[in-house]
Every structure is written in C-alpha cells, then in structure tokens.
Amino acid sequence: DAGVTQSPTHLIKTRGQQVTLRCSPISGHKSVSWYQQVLGQGPQFIFQYYEKEERGRGNFPDRFSARQFPNYSSELNVNALLLGDSALYLCASSRDWGDTQYFGPGTRLTVL
Amino acid sequence: DAKTTQPPSMDCAEGRAANLPCNHSTISGNEYVYWYRQIHSQGPQYIIHGLKNNETNEMASLIITEDRKSSTLILPHATLRDTAVYYCIVRVAAGLVNNNAGNMLTFGGGTRLMVKP
C-alpha cells in the first residue's frame with residue numbers, strides 16, 4: 001500500500017509570497033495532521049483535520065491555514081512568507097481520531 | 001501530555017543491541033508511550049507504542065517499567081541503517097483526547113543514535 005504522499009518535494013519562495021503544500025493520506029485514513037520542522041529541532045504541530053473539520057491547532061500565526069477535502073487529502077497554506085518559515089513541512093495521516101500517525105516524506109520549503 | 005527526557009546521543013556497534021532509554025516520570029494512566037525515528041531529512045517513521053505491557057514487533061521491542069515512569073526501546077541487532085534520531089513521545093489515549101488540544105504529537109529533542117561498524 002502507498003504511504004503518505006506530499007507535493008512538491010522541494011520549494012523555493014521569496015519573502016511575502018504565498019505557498020500551498022499538498023498531502024494525500026494513506027488509503028482509508030480519515031485524519032491528517034501537519035507539522036513544521038525547523039533545522040535542528042523536532043517537528044512542531046500545526047494543525048489536525050478529521051473528517052474535513054479542524055480538530056486541533058498549534059501555536060502558529062493566522063498566516064497558516066489548512067483544509068481537508070472530501071477525499072481526505074489536505075492542503076496547507078502559508079501567506080506572507082517570512083525567512084523563519086523555511087522548514088521541512090510534514091504531513092501525517094491516521095486511520096481514525098487518535099490512532100497512530102504515519103508521516104510522509106515532507107516538503108522542504110526555502111524562503112529567500 | 002507528559003514530558004519525556006532522552007539522552008541527546010548514543011553510540012552502538014553494528015550487530016549489537018541498541019537500548020534507548022526514555023524517562024516520562026509524569027505520565028498519566030491514560031497515556032501511551034510512542035517511539036518514532038527520523039533518518040536524516042526524511043519524515044519520522046513509526047516504530048512501536050505501548051501502554052503498560054511490553055510490546056514487540058518486527059522492528060523493535062518496547063520495555064515499560066512497572067511504574068510506567070520510564071521505558072526502553074530495544075533494537076535487537078542494530079545495523080548502519082538504524083542510524084537516526086529516535087523520539088520518545090507520550091500521548092493521551094484516543095478516546096480521551098481533548099478536542100481543543102487536538103491529537104498532536106509533541107516531539108522533544110530525541111536521541112541521536114549512531115551505529116558504527
């Protein structure tokens with residue numbers, strides 16, 4: 001079975017721009033979570049969606065938003081990019097609310 | 001969620017067992033212990049989890065002390081491909097997740113395991 005997939009693999013943006021990252025969960029998984037991992041640190045929770053509804057939000061500014069589609073795929077949007085938004089963005093899916101989360105390979109975002 | 005403490009780094013000889021400790025002295029009765037690992041620049045990989053009984057799967061064994069205040073992840077025969085950062089995470093059981101808090105995983109610094117030839 002295919003794992004969690006994310007696109008694009010790498011992305012380079014400039015300050016002030018907007019970016020959309022995409023995630024497809026494992027087939028049959030209804031929940032998607034997003035994490036940000038800055039170089040040298042552990043992943044930090046951004047959002048969790050379950051059955052297309054936001055079920056949790058981490059300590060991130062309103063520039064960060066996300067949504068989940070009827071097919072359970074998800075998008076993470078970041079507006080007005082800052083240099084500090086440069087990070088590996090990770091998507092994780094779980095079969096149901098509270099189940100084990102399985103991570104994708106991540107999207108490496110570089111903001112210049 | 002309870003906080004975990006792990007040594008920042010460990011070395012292990014190839015072919016030997018790697019024993020990675022984790023302290024979680026404030027763990028609650030409804031919290032699971034999860035282990036993930038992250039090989040350089042890849043997404044974290046789920047390894048194993050448990051509540052109070054010892055667990056074993058094809059990747060590793062998880063030993064949880066009787067008082068549940070600490071645990072050890074055991075890789076029985078470490079290989080060079082096991083070199084990674086290993087994260088120990090404590091997370092509340094699914095049915096008791098606070099909707100406002102979400103179902104997040106809280107990652108600490110982890111243990112950087114270096115398997116040497």
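In this text, all values refer to a predicted model and were calculated from it rather than measured experimentally. So you know, we letter chains A, B, ... as the sequences are listed, proteins then strands, and number each from 1.
- Atom CG of B/D67 sits in a crowded spot, with more than 12 heavy atoms from other residues, nucleotides or ligands closer than 6.0 Å.
- If you take CG on A/L90 and CD on B/Q38, they are separated by 6.5 Å, rounding to the nearest 0.5 Å.
- Here the side chains of B/F107 and A/F45 are not in contact, with every heavy-atom distance at 4.5 Å or above.
- Side-chain contact check for B/Y36 versus A/F103: some heavy-atom pair is nearer than 4.5 Å.
- Considering CE of B/M104 and CZ of A/R57, their distance stands at 13.5 Å, rounded to 0.5 Å.
- Using a 4.5 Å cut-off between heavy atoms, B/Q45 makes no contact with chain A at all.
- Counting heavy atoms of neighbouring residues, nucleotides and ligands inside a 6.0 Å radius, atom CG of B/L80 exceeds 12 of them.
- Most heavy-atom pairs under 4.5 Å with chain A: of the set B/G109, B/G108, B/G43, this distinction falls to B/G43.
- By the 4.5 Å heavy-atom criterion applied to side chains, B/P44 and A/Q101 are not counted as neighbours.
- Enclosure of atom NZ in B/K69 is not indicated, since only 12 or fewer non-hydrogen atoms of other residues, nucleotides or ligands lie within 6.0 angstrom.
- A/D62 CG: 12 or fewer foreign heavy atoms inside a 6.0 Å radius.
- The shortest side-chain heavy-atom distance between A/T100 and B/Y32 does not fall under the 4.5 Å cut-off.
- A 6.0 Å sphere centred on CZ of A/R15 holds no more than 12 heavy atoms belonging to other residues, nucleotides or ligands.
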